[in-house]
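What you see is a predicted model, and the numbers here were worked out from it, not measured in a lab. In each ligand, atom 1 is the first atom listed, and ligand 1 is the first ligand listed.
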Amino acid sequence: MRLYFAPGTIAVASALALLEEGAAFEVATVDFASQGQRSAAYLAVNEKGRVPSLETPNGILTETMAILEYAAPSLIPAGAWSAAKMREVMTYLATTMHVAHAHKMRGHRWARQESSWADMKTLVTENMAEAAAYLETKIAGPYVLGDTVSLADPYLYAVTSWLEGDGVAVEAYPRIAALRAAYETRASFGEAQKRGFV
Ligand SMILES: N[C@@H](CCC(=O)N[C@@H](CS)C(=O)NCC(=O)O)C(=O)O
């Protein structure tokens, strides 16, 4: 498999999950500084011009939720309730918290005027803090579902890496801080550091 990756992005979640699964994969780094995500070569991989994308024996897979489910099936808990609770958090990360963060740099997706982009930026800290406060109540501890790592954990780790840059102090959310600290002790996280993903 080949993961199309850019540092500091949501592609970190896929890299962490693949490593936690013990999957073999190579990486193609997409250079955002030169707008590599919009190059013809990359658009041929992912017409949306976003990372991550995962090249698999079956073809290209996009969207973090889908990539995590395919690439790290051992991190899906047995039992419909636990799996649904995991996806409840993942869906919130994908559709609410990631979108709130994107309003800082990507206002042009939602409005034409630069003044509107500036206005949107003023709400990023507040919205990310609200999202963190919500997540804080959803973490059983140390991981989202308790003692066992699930797909929600690398996802939550990647998204909460943005909090500080968005003006939100992680220390104000002890369960998030504890989850991040626990995840950082994992062998897979050490491997992620060695390979330059985090
Ligand atoms: N729904 C997608 C969103 C992917 C996404 O928006 N990725 C951002 C990086 S965090 C990106 O590639 N942005 C490039 C751009 O907007 O030009 C997912 O969850 O995988």
Side-chain angles (χ1 to χ4, degrees), residues 1-21 23 25 27-56 58-73 75-76 86-112 114 116-118 120-121 123-125 127-128 131-132 134-135 138 144 150-168 170 180 192 196-198:
M1 293 190 286
R2 178 184 292 125
L3 177 67
Y4 290 84
F5 175 88
T9 70
I10 197 56
V12 168
S14 294
L16 290 175
L18 279 155
L19 290 170
E20 184 64 29
E21 178 74 14
F25 65 104
V27 168
T29 300
V30 180
D31 181 26
F32 275 27
S34 63
Q35 294 289 298
Q37 74 271 34
R38 300 194 208 294
S39 68
Y42 188 63
L43 291 173
V45 173
N46 181 344
E47 66 201 304
K48 292 172 278 192
R50 309 272 185 101
V51 295
S53 304
L54 187 69
E55 199 175 307
T56 80
N58 300 310
I60 299 282
L61 193 56
T62 67
E63 298 297 332
T64 300
M65 294 269 299
I67 290 172
L68 296 184
E69 298 247 358
Y70 173 80
L75 304 191
I76 302 170
M86 175 192 82
R87 292 187 183 106
E88 180 180 46
V89 168
M90 293 167 73
T91 306
Y92 182 78
L93 292 168
T95 62
T96 303
M97 200 166 179
H98 189 165
V99 176
H101 167 76
H103 279 68
K104 186 166 77 173
M105 302 294 290
R106 309 282 185 200
H108 55 88
R109 287 183 193 157
W110 297 285
R112 290 186 204 289
E114 288 198 28
S116 305
W117 309 346
M120 283 182 216
K121 273 188 202 182
L123 268 178
V124 170
T125 299
N127 285 337
M128 291 297 277
Y134 168 77
L135 286 177
K138 297 293 159 207
V144 169
S150 74
L151 294 177
D153 298 303
Y155 205 159
L156 192 144
Y157 188 93
V159 173
T160 57
S161 301
W162 300 331
L163 285 172
E164 198 181 323
D166 289 346
V168 180
V170 182
R180 292 178 58 79
F197 299 138
V198 287

message: Which residue is it: K104, H98, M97? I am looking for the one with a side-chain contact (heavy atoms from CB on, under 4.5 Å) to W162.
response: H98
query: Does H98 reach ligand 1, in the sense of a heavy atom lying below 4.0 Å from it?
result: yes
query: With a 4.0 Å cut-off on heavy atoms, does M105 reach ligand 1?
result: no
Among all protein heavy atoms, pick the one closest to [atom] and tell me residue, atom and distance.
atom                    : result
atom 13 (N) of ligand 1 : R50 CD, 3.6 Å
atom 1 (N) of ligand 1  : E63 OE1, 2.5 Å
atom 8 (C) of ligand 1  : V51 O, 3.9 Å
atom 19 (O) of ligand 1 : T64 OG1, 3.3 Å

Between [X] and [Y]: side-chain donor-acceptor atoms closer than 3.5 Å:
X    : Y    : answer
T62  : R50  : no
N127 : H103 : no
Y42  : S53  : yes
E55  : Y4   : yes

message: Other residues, nucleotides and ligands only: do more than 12 of their heavy atoms fall within 6.0 Å of CD on Q35?
response: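 Enclosed: over 12 neighbouring heavy atoms sit under 6.0 Å from CD of Q35.
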field: Side chain, backbone, both or neither: M65 near ligand 1, heavy atoms under 4.0 Å
entry: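 None of M65 does.
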Numbering as shown, the atoms of ligand 1 that approach [X] to under 4.0 Å (heavy-atom distance):
X    : result
T9   : 9 (C), 10 (S)
R106 : 13 (N), 14 (C), 15 (C), 16 (O), 17 (O)
R109 : 13 (N), 15 (C), 16 (O)

query: Any idea how H108 and W117 line up, ring-wise: parallel (<30°), tilted (30 to 60°), or perpendicular (>60°)?
result: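 The arrangement is perpendicular - the two ring planes meet at more than 60°.
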